[in-house]
Amino acid sequence: MSIITMVGLEILRRKRSFFLAMLAVAIAVATMLAVHGSLKVYDVRSAQMLAVKQTELKQRLKQLQDEMRKATLKLSFNLAILPAAQDLSDWHAKDYATATMPENYVNKMAHSKLLAVHHFLPTLTRKTKWPEMNRTVILVGCRGEVPNVAKKPRNPLVQPVPDGSMVIGYELSRSLNLQVGQAVRFMGREFKIARCQSQRGSKEDIGVWIPLKDAQELLDLPGRINSILALECICVGDSAIERIRAEIAKYLPDTQVVELGTKVVARGEARAKVKQEAVDSMERAKQIEVQLQSERHQLAARIVPGVIAACGIWIFLAALLNARRRRPEIAILRALGFRATHILALLILRSLAGGILGSLLGIATGLAAAWLLRTDLAIPLVGPEGIVTVQLIAGAATIGSLLGVVAGWIPALIASQQDPANILKEA
Amino acid sequence: MLKLNQVKKVYSIHGREVTAIDQLSLVVETGQAVAIEGASGCGKTTLLLVSGALLHPTSGSVMIDDDDPYQMSANQRSAFRAKHIGFVFQQFHLIPYLDVLQNVLTASLPNKQPGTKERADMLIDQFQLQPRIHHLPAELSVGEKQRVALARALLNRPKLVLADEPTGNLDPANATIVLDALCTYADQGAAVLIVTHDPTAAERAHRRVRLDNGQIVDAG
Ligand SMILES: Nc1ncnc2c1ncn2[C@@H]1O[C@H](COP(=O)(O)OP(=O)(O)OP(=O)(O)O)[C@@H](O)[C@H]1O
Ligand SMILES: [Mg+2]
C-alpha cells in the first residue's frame with residue numbers, strides 16, 4: 001500500500017466523479033487544439049485562395065500590358081529632343097527642325113540611365129523637293145532605333161530602313177503608283193522601295209524614309225541630325241514629362257524636349273493605372289484577409305482562455321465536492337498519523353492523474369477534430385508545417401495537466417488543513 | 001502510561017464558551033483497560049481526542065509515557081499518533097474504496113515497518129475476516145466493519161488505544177469479540193480507554209471511570 005495505490009484505487013472505485021474532472025481537462029485541451037487547428041486550416045485556405053487570385057491577376061495584367069504595348073507600338077513615339085537653338089514656332093511651321101546637333105547625342109542618351117525611355121530614334125528631317133518626281137516630300141533619314149542600354153532590349157518599335165532602300169508614305173506611293181521592290185531615284189541616288197506605308201492621315205503620308213547616312217550626304221549635313229525621338233516613354237505620374245525633360249537635360253544640356261501629343265503618355269498612364277488598380281485590389285483583398293485572420297485570432301485568443309477558465313472552475317468545483325465528500329476519510333487518515341502533506345498528495349495526485357489522462361483524451365479528440373477540418377488540404381496533421389505542431393500538443397498537454405493540479409490545489413489545501421477532531425466528533 | 005493533569009477543554013462557538021472537560025486529571029497505567037462512562041455531552045469524546053493527540057487542551061498537560069504530544073510540531077505529532085496511538089470509532093470510519101486488507105494496512109502508511117503485512121494477515125485471521133479480506137466496507141456487516149477498524153487500530157502495536165463507543169452499533173456477539181480483544185490487548189502491555197454507555201461493556205474493563213459535566217465523579 002502506498003499513497004499512489006490509494007489514489008489509483010479511489011479513482012477506480014469512483015470512476016464517475018473522476019471522469020467528470022478528466023472530461024473538463026479534455027474539453028480544455030481539445031478546444032486548444034481544435035481552435036488552433038481550425039485557425040491554421042483557415043489561414044492555409046485563404047493563403048491558397050489569395051495565391052490563385054494573384055496568378056489570375058498576373059495573367060490578366062500580362063494580357064493587358066501586351067494589348068497596351070501593341071497600341072503604343074502604332075503610336076510610335078511621343079517625345080522629340082531638338083537642338084536648343086531650334087526656334088519652336090519655326091519647327092511647328094515647317095514640321096521639322098532647321099537647327100542640327102551631333103548624331104552621337106543619341107549614343108549619349110542610349111548610355112544614360114534614363115529608365116523612362118526605351119528607345120531613341122535619331123533622325124534628320126527636311127521638307128524638300130523630290131526632283132525626279134517633282135513632289136514636295138518630307139525626307140526622313142533614319143538609322144534605326146538605339147535601345148536604351150540600361151533597359152533590357154525589346155523588339156524595335158520602328159523598323160530601320162535597310163541600306164540602299166526607301167520607305168515611302170501612303171500618298172506618295174498611291175499617287176505615283178510606286179510598288180515595293182521598285183527602284184527609284186531620289187536626288188540622283190538610287191533606292192529600292194522596301195515598304196509602302198499604309199494611310200496614316202498625317203504628313204507622314206508624304207514621308208520618304210531613307211538611311212540616315214544617305215540623308216546626311218544628300219543634304220550635305222554629315223554627322224548631323226535634327227531630332228531624336230524618344231519612344232515608348234512609360235514614365236507615370238502627373239509631372240512625368242517634366243521629369244523626363246529634366247533628366248534628358250542632364251545628359252544633353254544644349255537640347256530642348258518637346259512632347260509629341262499626349263496619347264502615349266495617356267496610354268502609359270492608363271496602363272500604369274490599370275496595373276495600379278489591380279495591385280490595389282490585390283492589396284485590398286490581402287488586407288481584408290489579414291484583418292479577417294486577425295479577427296479570427298483575436299476571437300480564438302478570447303475563446304481559448306475562456307474555455308480554459310470555465311473548465312478550471314468546473315475542475316475546482318469537482319475537486320471541492322470530492323474533498324468535501326471525503327472529509328470523514330481524511331479525518332480518520334489524519335488520526336491514523338497521515339500528515340497534512342500526505343493528504344495534499346492524495347488529493348493533488350488525483351487531480352494530476354485527471355489532468356494527464358484528460359490531456360491525453362483531449363489530444364485524441366483535438367487531433368480527430370483537426371483531421372476532420374483538414375479535409376482536402378494537403379498539409380500534414382502534425383508537424384512544423386502541419387495543422388498542429390508538436391509544441392502545441394505538448395503545450396496543451398502541459399496546460400491541461402497544470403489545469404488539473406492548479407484547479408484542484410485549493411480544495412486539496414483546504415481539505416488537508418481541516419481539523420480532524422471536529423469531523424470525528426461530528427460523525 | 002497516560003497522564004492527564006488538570007486538563008481543561010473549552011470550545012468557543014459563536015462567542016459562547018462551552019467547557020467540555022474541566023480541570024480533569026487521570027492516570028491510566030500500562031496493562032489497564034479503562035471504561036469511561038457518563039451521560040451524553042459530558043465530555044467523553046473530547047477526553048478521548050485530547051488523550052489521542054488530536055485535540056489541543058485549553059490548559060493542562062497530557063503525557064504519554066514521557067512525551068507531551070502537544071509540545072511537538074504538527075508533523076511530529078502525526079508521526080507520534082501513527083506510531084503510538086490506535087483509534088476505534090463507533091462509526092468505524094473505514095476508507096470506502098479500500099478492501100479489508102487495504103483498510104487495515106492504511107495504518108502502516110505513515111509509519112512503514114517490516115512485517116506489517118504479516119501482522120495485518122494475523123489480525124485479519126484473529127478477527128475472522130479472512131473470507132472477507134478483499135471485500136469493500138460496503139459489502140461487510142456492521143460487526144465485520146468494526147473488527148476491521150479494530151485490526152487497523154492494533155496494526156502498529158500502539159501503546160495507547162482509544163475506543164469511542166466501539167460497541168455502540170454492534171450485536172452482543174460482536175460486542176464481546178471487540179471488548180475481549182481490547183482487554184486482551186491491554187493485558188499484553190498497553191493502555192486502553194473505552195468510552196461506553198453500556199454497563200455490561202464497562203463491567204468487562206479493568207477499571208470504570210465516571211464523568212459528569214467534564215469532571216471525573218468516580219475514578220474507579
Ligand atoms: N466543536 C464544538 N463546539 C462547541 N461545543 C462543542 C464542540 N464539540 C463538543 N462540544 C460540546 O462539548 C460537550 C462535550 O462534547 P462531547 O462530544 O465530548 O460529549 P460526549 O460525552 O462524547 O457525548 P456523547 O455521549 O453524546 O457522544 C458537549 O456539551 C458538546 O455540546
Ligand atoms: Mg461522544
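In what follows, chains carry the letters A, B, and so on, assigned in the order in which the sequence lines appear, proteins first and then strands, with residues in each chain numbered from 1.
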Interchain contact, A/Leu9 with chain B, by part (heavy-atom threshold 4.5 Å): both

Option that, when pairs with chain A are counted at under 4.5 Å, heavy atom only, ranks first among B/Asp99, B/Thr106, B/Leu109, B/Leu55: B/Leu109

Contacting region of B/Thr45 [heavy-atom separation from chain A under 4.5 Å]: side chain

A/Leu424 CG to B/Phe89 CZ distance, which is reported to the nearest 0.5 Å: 4.0 Å

Over 12 foreign heavy atoms within 6.0 Å of NZ, B/Lys159: yes

Choice from A/Asp419, A/Thr341, A/Ile332 maximising heavy atom contacts with chain B below 4.5 Å: A/Ile332

A/Arg45 CZ: over 12 foreign heavy atoms closer than 6.0 Å: yes

Contacting moiety of B/Lys112, where chain A heavy atoms sit under 4.5 Å: side chain

Which atom of B/Pro110 lies closest to which atom of A/His342, heavy atoms considered: CB-CE1, 4.3 Å

Proximity breakdown for A/Arg334 and chain B, heavy-atom pairs closer than 4.5 Å: both

Atom CZ of B/Phe80 with >12 non-hydrogen neighbours under 6.0 angstrom: yes

A/Ile4 atom CD1: more than 12 heavy-atom contacts under 6.0 Å: no

Closest contact, heavy atoms only, B/Tyr97 versus A/Arg13: O-NH1, 2.5 Å

Contacting region of A/Leu12 [heavy-atom separation from chain B under 4.5 Å]: neither

Residue among B/Leu136, B/Asp164, B/Asn111 with most heavy-atom pairs under 4.5 Å to chain A: B/Leu136

Heavy-atom pairs under 4.5 Å with chain A, option from B/Leu94, B/Leu105, B/Asn75, B/Thr46 with the top count: B/Asn75

Over 12 foreign heavy atoms within 6.0 Å of CD1, A/Ile410: no

Gap between atom OG1 of B/Thr116 and atom CE of A/Met1 - 0.5 Å precision: 12.0 Å

Within 6.0 Å of CD in A/Glu295, more than 12 heavy atoms from elsewhere: yes

Winner by heavy-atom pair count (cut-off under 4.5 Å) against chain A, out of B/Leu49, B/Ile85, B/Leu155: B/Leu49

Pick from B/Ser78, B/Pro96, B/Ala107 with the largest number of heavy-atom pairs that fall under 4.5 Å of chain A: B/Ser78

Contact origin within B/Tyr11 toward chain A - heavy atom pairs under 4.5 Å: side chain

Distance (rounded to the nearest 0.5 Å) between A/Ile423 CD1 and B/His93 NE2: 9.5 Å

Atom pair CZ (A/Arg339) and CZ (B/Arg81), whose distance is rounded to the nearest 0.5 Å: 11.5 Å

